[in-house]
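Contents: one structure, followed by commentary.
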Amino acid sequence: MTNNNRHLLIGFILGLFLFIGIPPVLSQINPITPPIQSAAQSIAQGRTFYAAKDYQQAIHLWRQAAQGYENQGNTLHQAQALSYLSLAYQKLHQWTDADAAITASLSLLDTVAESGERSRLYAQALNHRGHLELALGRAESALATWKQATQIYQQLNDDIGVTGSRFNQAQAMEALGLYRRACQVSLQALQVDNHCNLSESGELAAAVNTFEQQSQPAFTVVGLRHLGNVLRLVGHWQESNHILHQALDLAEQIDSPSDQSATLLSLGKTQYALYRQAKDLWERSNITQNRDKAKELARKALNTYQQAAAINTDSTTLPLEAQLHRLHLLIEFQQWLQTLEKTDTTANPAEFTPQIQSQVNTLLQSTLANLSPSKIAIYSRLKFAKELLKLPQYDPNFSHTLNYTQVALNQAKDLENQRAESDAWGTLGHIYEQNQQWKDAQDLTHQALGLAQSLDAEDLAYKWLWQSGRIYWQQQQKENAIHAYDASIKLLDSVRRNLLAINPGVQFSFLDDVQPIYQEFLQILLQPDANSDHLRQATRISEALQLAELEDFLRCSFTNLVPIDQSENPPAAIIYPILLENRLEVLVKLPQSESSPEKIYRYTLHVSAQDIRQTLYDLRQQLDDPQNPVDRLILPPAQKLYNWLLQPAQADLPPEGTLVFVLDSTLQNLPLSILHDGQHYLVETYNITVSLGSQFPNLKPLSPTHWQGLLGGIHKKAESYPPKLPALFNVWDELQQIHNTVPSQLLENEQFTQTNFRNQLINHPFSVIHLATHGEFSSDATKTVIYAWDKKIPVEKFGQLLQQREQTRSEPIQLLVLSACQTASGDKRAALGLAGVALRANASSTVASLWRVSDNSTAQLMDDFYQQLNQGISKAEALAKVQRKFINDPDNLAHQHPYYWAAFILAGNWF
């Protein structure tokens, strides 16, 4: 073997061992000379015992080696022996001894003259220190340490060392919540530098294949597992699932139980993330396929966690982590199945009761109570305590829960891990809250909050403020509760937006993690004794809730929006239907005018959310078919909804003008123009605008004297259309008529490609964009699409195209029209997709259809709409006039049916 090859092999072995925590044999670094032969033998024998997981014997031998090297004056190898010694102490959670050993090792290396071998050993010792710091919860220190190690390996041109230390950096970034950066660093370790953009999936697959071919299997397993973890954390769940299955296959091939267990645990977490995604889609859409997929993924994750826990390894924490994650999912899954029982005959939550009981007993009898202090030990105890709080039947006196939490608190203090300490104080507060010991609960929660605030840990602080608000409310301290809830929501919004800004894939379950705090706050604000300040605050929280759901749907944050009531052209009234579980609250805000101050009226109706949802569903089912009789099938639910939403407020509303509705996602599928008072449709009296995002990108009015339009449409069977979508033959007439009214650029059929559309947007100052092509709005962002000739454009890509325009053009889009799109059939929150497209486009106003209307009548409606706009009237009035024309058209009685005109809604600004 040549010297170069020998150095490469030695570098690879060192990189491998420093990464997976097994020290190499000393003789592989330097030939052993007779005077230090016994110390070298102690190093080699210690490695054998370490590999056999006999850490006490390895410690004995490496201490002996360190002493031998010290006696010989061999500082370099004494430092190496101490570095190995630190690893063994870490395995036994003997943190003080581990810290002393690695500190001594680095101090000794600081006294050694610079050489390649000294640098390599220094980098290895830094890696060992980083593992110690991370285990103690000092992630920032670990990250700095591993960055230093990476720099040394780069200077040594040691590719394996660089790869290993970059994967280590990614672990520290994960612990700090820097998921996007962790993903970037992990991909850089594989020679992929794409800022964690996996739109080109082939690049990732090629890099992983190269990594597998060039690395030893034990190294590859760990690397792939870390990569799978960060891909999960940034929302690339399918890619994470694929990578972790590759890692698992390899771990089984090399017969490594510890790697199998660790990889199965990671895989279970990814399957859990996929379950949560499918569950959220079911809750939004009511589509059975999503529900069944969620159930399948939950069972798969439960099985994976069980496999991870069953594998016999030397780790005391791996099986406990797997069991804790399994218990959490068992409880969550059973609770969800309980909500499905009435409508899903296959849901059987009782089947999981024995499994929950067995899992609790297993954990109570495990080594969890006796774990040595470490970050993992602290959070494992806290996790178990939080799960026990959901299961009072297994811990009626909170004795186990209190014990685990108190031990976690003491260990957090001992390790000076203040973040974990705050978590423990807050958990204690929650225990006392559950036991209705309100004063103690509040004191403990304030202790947790103070610590979280001192650390600027907003993600903890908002939870303790929320908890504090609940406790105040239980003590009938309403104003204190309102203050705490308000502060909590402000912090929650900050946390969400910061996470979305750095990591669009972050899994914040809106329905489980976000919506409840807003709903609870609205319940408190809208008590019978609510004053005007409470009502005003309720309108603000209602707006914030709608925006939060949209940001969750789009996985991005919006900070450039203007509140509705800051418009220089106020509407006649802003209406907030707030759907609580047992009642409907309707707030009507009459904006300030020259003749009167702002007023807010409140109307409470004791009708269940389920009744409202069912009536809305019944109405929407009848509107899709123009053959359904209006009097018998459409007007009854339309009148019922009117009586709930508007009838109580009718006397306080102005007699005419524009009404702006701020709707939650449950009501956004409702075509408000069809509400009927028994004599007239609502649109016959008022102009109507829907504020899907509660706020607007900009508030400039459309000026027909300066407008310029981009018209795109397809009247043939496009290449991108799936088989079920027909050609829209009347689109040609629609576009030609608008082209004759609006100065515009026209892209038809084969010209309307994604690339041509993008180029036109960037190069011309269009104020109006009109797209006459198929599209679908869905509560699943990946299925909210608009069809160009050559490909479908998902909402995220659509937003990117328009954002590219903003980089070169300052003119805002005043009007976006989507004339042939529709909401997904059966999807109860499909209008989220419509709102998402509107916000992504950053358009002042959007006109779109809730269902696919006859393209012949659509062409006529759109021509009339632009003719009205050309006369200089507002967008809301223009659409309302066209709809009234259809309703009262004596020459075309068929068009009086709501099918032809009610589908079209205006979202955004109304002027």
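Quantities reported herein were computed from a predicted structural model and do not represent experimental measurements. The figures here come from the full heavy-atom set of this structure, side chains too, leaving out hydrogens, waters and symmetry mates. Sequence positions, counted from 1, serve as the residue numbers for this chain.
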Is the cationic atom of R284 (NZ for Lys, CZ for Arg) positioned less than 6.0 Å from the six-membered ring centroid of W282 and within 45 degrees of its normal? no

For [Y], is there any backbone N or O sitting under 3.5 Å from a side-chain donor or acceptor partner on [X]?
X	Y	answer
S366	L363	yes
R381	V407	no
N229	L233	no
S454	L451	yes
N290	A278	no
Q411	L371	yes
H325	E321	yes
S380	I376	yes
S488	A484	no
S285	D827	no

Would you check if the distance from the ring center of W146 to the ring center of H131 is below 6.0 Å?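 W146 vs H131: aromatic centres under 6.0 Å.
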
Are [X] and [Y] within salt-bridge range, i.e. N to O under 4.0 Å?
X	Y	answer
E549	R829	yes
K375	E416	no
R419	D423	no
K390	E387	yes

Verify the distance criterion only: is there a donor paired with an acceptor across the side chains of [X] and [Y] at less than 3.5 Å?
X	Y	result
S240	T270	yes
Y272	E332	yes
Q171	N168	yes
Q169	R181	no
W464	S422	yes
S399	N397	no

Should the pair Y462 and W466 be assigned to parallel (<30°), tilted (30 to 60°) or perpendicular (>60°) ring geometry? parallel

Indicate the ring-plane relationship of Y275 and W336, choosing parallel, tilted or perpendicular according to the 30° and 60° boundaries.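 Plane angle over 60°, so perpendicular.
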
Should [X] and [Y] count as side-chain neighbours, where that means a heavy-atom distance under 4.5 Å?
X	Y	result
K386	H430	no
E140	L143	no
P217	Q253	no
D255	Q260	yes
L324	Y305	no
T96	Y89	no
D314	Y55	yes
K295	F333	yes

Please report the C-alpha distance between E296 and K279 in whole Å, then the side-chain angles of each, then the deciding distance to 0.1 Å, and finally whether the salt bridge (Lys or Arg N to Asp or Glu O under 4.0 Å) criterion is met. CA-CA 11 Å; E296 176 189 349; K279 176 174 172 281; over 6 Å; no

Between E520 and R470, is the salt bridge (Lys or Arg N to Asp or Glu O under 4.0 Å) condition met? List the steps. CA-CA 9 Å; E520 288 175 19; R470 295 195 306 267; 5.2 Å; no

Hey, could you give me the CG/NE2 distance between L136 and H93, rounded to the nearest 0.5 Å?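 Reported to 0.5 Å precision, the distance equals 9.5 Å.
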
